[in-house]
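Okay, so here's the structure we're looking at.
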Amino acid sequence: MDKLEFAFPPGAAPTFPSWRLSVLKALAGAAGVPLVKITNENAFAGALPRKCKTPAIKATDSPSTWISEFGAVCRHLGIFLDTDLYPSFHNLPFSNERATQIDQWIDYSVNNLDNNYALPLVGQLTKGYDSAAFDDLVKGVRAELSLLELHLKSRTWLAGNAMTLADVVAASTVKYLFEHVLEGGKRKSLPSITRWFETCLSQPFMEQALGKIAYCTKVKVPQAKTKGGKPKADGKQKQKGKGGGKPAKQAKGKGADKGGKGKKKETQLGLDAQKFEEFGDWYSEVCTKSEMISYYEISGCYILRPWAYSIWDTIHQWFDGEIKSLGVQNCYFPLFVTENVLNKEKDHVEDFAPEVAWVTKSGQTDLDVPIAIRPTSETVMYPFYANWIRSHRDLPLRLNQWCNVIRWEFKHPTPFIRSREFLWQEGHTAFAQKEEADAEVLDILDLYSKVYEELLAVPVMKGRKSEKEKFAGALYTTTVEAFVPATGKGVQGATSHCLGQNFSKMFDIEFEKEDRKKDHVWQNSWGITTRTIGVMIMVHGDNKGLVLPPRVAPVQVVVIPIPKANMTEEQKKKMQEASSNLYDSLKAAGVRVKMDDRENYTPGWKYSHWELKGIPLRCEIGPKDLDKEQAVLARRDTGKKDFVPWADCVETTKKLLADIQKDMLESARAEFNESIVRVTNWDGFVPALDAKKMILAPWCEEVAVEEDVKTRSASEEGAGAKTLCIPFDQPELPTGTKCFASGKPAKSWALWGRSY
Ligand code: 86X
């Protein structure tokens, strides 16, 4: 077909929904044909169904037939146009199942989203507005969308594993809803839809057809037009609907990071969302308001502000020192990889292929060959290992690099936890003997558990990954697993792999042994990322904000003098001296201390501010304390206050910081342990998951059973469960114990859970 013709049938034109036309534009764009509007009304004579919907098209194989039902319009064009969006003559083989899946989602979008909600909402916003009816519609559309949200939680696209016409149609309707009806707060509960939608919109043909999204911050309801015939109550109701609660809450609430409009900064202190009620909102509020993170215009990319970066610095410094004393050397390999090198190790790269980001241009010129950005550096480094390693005297080779990597994930991004670019260290080592490699795997895992437990005060479980969950290129994978009680989700903390000889055989990394015989080296790789910081925030944060463990807190103590207006000059001077003496002596003792003696902020504001930022200890000096020559030391983690003579402040501060570090780990560990439920048969499994627990269960270690458990355990409450690890620390497993899920003989106790 050389052009796509459509028409607005007579009399129907004014009400056509523009997003339906966008679908046609997108289709024409994807197929590379012009979209032409037919204006000659005579063309319709007698040809249309009587109550014609818009936009209608001419049948491609019979120009006298008009098609006007929108689902049919889509399918007709999907089959005829040369795109990959629909099974057709152009992309065989034909799969009836796939075609039907797409059809279902097209019908769903046209009926459940468009006809039921979007169209009536247009009517509300452009013609008669009735706040009660409007609210009902918004409630309805939200319920509808939460079903869609569930579907998209575990999928990149609506149907199958590529973008289809179903996505085009649904995204076009959703765009209207996002732009005109669903305010920020309501949208926030739909992260998967938002991610999917933005992915759809980022396709060039979509952006051209639909334009960029301008998310709705506040519904623009039409001014009251007391139309003849409408009951008076309507106007009143509208007042209520408008002024009552909702918009006010909206103003108080979100959007604060994006330079929150209008509201005074001072009154915005503190968090709007509660950790245990609206975890997602809480988390993003904590990240932004504590000044750790700023959101960036590219989805999945975040700015690590000094408050966050300094924690990464601490982890970096500590871990770097530890691996150096083990004999590991730092180095740096390039960011870019050629396709050739990347594919050298096809087997598992294939699984990851959709996540690899490519550079295809310099300026406006296409590169001769596209260049990939490293998602990890095995294939970048190992060809050089093959060159460098000749004899047993070249071993062990133990290298590490601190760098960034890019993985273009489509799952819903979360600051620190899942971002498209992240910072990490990747260690890549080679040994002559398997035993040496085995020992290093555990040495490194031990360091990872110390990063979590000793630095971040986050308890972890050490263990081995199941066959399904291990790194496909590894002989075996070990892991430290953390847990977020507020969401009931496990989170992989860091991994240390023994690669065996898998890579050395692929990359020909051979060495000559003392007996002159040749052998392939034994390799490990291991990594820990900026995810660590996110786990710490999720585990320790509370309704007032961050709670930082002293060892990683950029500032450990904030000194706040509390002058009163009625103090004499002499008293003021004494207070100023006392606080700066305290500050100096804490600093001299090596405590990371900050003075907040700003005069334009109230003490209450300062308390909230530093609580939000998670500083472990606050040191106050008020007028009464001056006379008693004491200070008040208030703990961030427990809120407990101690009254301490000036002379003891340094000692007590050091002691309190050590206590806080210890207590934070201990109370998190108690919660971690309480979150593990032992289950020996299927019945208890899903209820425990839904109660936000991890499950320790005897398991047969079969991959098919793990897959089955995942499917069977998906519920309203969340996605299916997987194994987090097979803990090193195994309870006794009496002979004859059966697998909780399959009834086959159990091989080990495995830790199961929903996870990030
Ligand atoms: C697996 C394995 C390993 C060194 C670590 O876990 C620690 C540090 N690497 C990483 N992995 C991939 O190999 C991978 C490959 C591609 Cl091409 C990709 F796009 C994403 C990947 N994600 C993880």
Side-chain angles (χ1 to χ4, degrees), residues 156 300 315-316 319-320 323 328 330-359 370-385 397-411 413 417-430 437 440-445 447-448 451 463-481 491-500 502-504 506-507 523-532 725 756:
T156 307
I315 294 171
H316 179 156
F319 187 80
D320 204 52
I323 57 175
V328 177
N330 279 332
C331 62
Y332 188 80
F333 280 75
L335 169 73
F336 295 121
V337 203
T338 61
E339 181 165 26
N340 238 345
V341 167
L342 190 72
N343 285 337
K344 191 103 192 243
E345 189 263 315
K346 263 223 171 81
D347 284 357
H348 79 273
V349 168
E350 249 166 34
D351 300 343
F352 293 121
E355 290 179 17
V356 177
W358 295 86
V359 178
I371 295 172
I373 303 177
R374 65 177 164 226
T376 179
S377 302
E378 279 80 357
T379 61
V380 180
M381 295 168 87
Y382 297 167
F384 293 86
Y385 282 38
L397 178 62
R398 303 174 79 183
L399 298 185
N400 175 69
Q401 66 177 355
W402 291 93
C403 62
N404 59 341
V405 284
I406 304 275
R407 297 177 184 172
W408 211 254
E409 301 218 38
F410 291 101
K411 288 198 204 135
I417 300 291
R418 187 185 293 122
S419 51
R420 285 176 164 175
E421 176 179 7
F422 56 85
L423 304 181
W424 73 351
Q425 59 66 222
E426 48 178 326
H428 295 268
T429 56
E440 188 204 61
V441 166
L442 296 183
D443 287 344
I444 297 295
L445 197 69
L447 295 180
Y448 288 155
V451 168
R464 158 175 64 90
K465 283 284 186 186
S466 69
E467 275 307 298
K468 179 165 152 53
E469 291 299 322
K470 77 167 194 187
F471 169 35
L475 189 58
Y476 61 89
T477 294
T478 68
T479 177
V480 289
E481 297 288 320
V491 49
Q492 177 177 300
T495 49
S496 176
H497 314 278
C498 178
L499 305 176
N502 295 348
F503 282 88
S504 60
M506 247 169 335
F507 286 85
Q523 287 178 276
N524 292 339
S525 79
W526 27 273
I528 190 167
T529 77
T530 35
R531 171 181 272 200
T532 41
C725 71
Y756 280 96

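Atoms within each ligand, like the ligands themselves, are counted from 1 in listed order. Note that the numbering runs from 1 along the sequence shown for the chain.
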(request) Tell me yes or no: between the side chains of T477 and H497, is some donor less than 3.5 Å from an acceptor? (result) yes
(request) Quick one: closest heavy-atom pair of L475 and K470, and the distance? (result) O-NZ, 3.4 Å
(request) Looking only at non-hydrogen atoms, find the nearest pair between S504 and Q523 and report the distance. (result) N-OE1, 3.2 Å
Between ligand 1 and the protein, which N/O pairs are shorter than 3.5 Å?
unit_1: ligand 1; atom_1: 6 (O); unit_2: T495; atom_2: OG1; d: 3.3
unit_1: ligand 1; atom_1: 6 (O); unit_2: H497; atom_2: NE2; d: 2.6
unit_1: ligand 1; atom_1: 9 (N); unit_2: T376; atom_2: OG1; d: 3.0
unit_1: ligand 1; atom_1: 9 (N); unit_2: E378; atom_2: OE2; d: 2.7
unit_1: ligand 1; atom_1: 13 (O); unit_2: H348; atom_2: NE2; d: 3.1
unit_1: ligand 1; atom_1: 22 (N); unit_2: R407; atom_2: NE; d: 3.3
unit_1: ligand 1; atom_1: 22 (N); unit_2: R407; atom_2: NH1; d: 3.2
unit_1: ligand 1; atom_1: 22 (N); unit_2: R407; atom_2: NH2; d: 3.4

(message) Which heavy atom of S496 sits nearest to which heavy atom of V441, and what is that distance?
(response) OG-O, 2.9 Å
(message) Taking salt bridge (charged side-chain N to carboxylate O under 4.0 Å, His left out) as the definition, give me every residue that meets it alongside D320, ordered by chain and number, with sequence neighbours left out.
(response) K324
(request) Ignoring hydrogens and angles, state whether a donor on the side chain of W526 or E440 is under 3.5 Å from an acceptor on the partner side chain. (result) yes
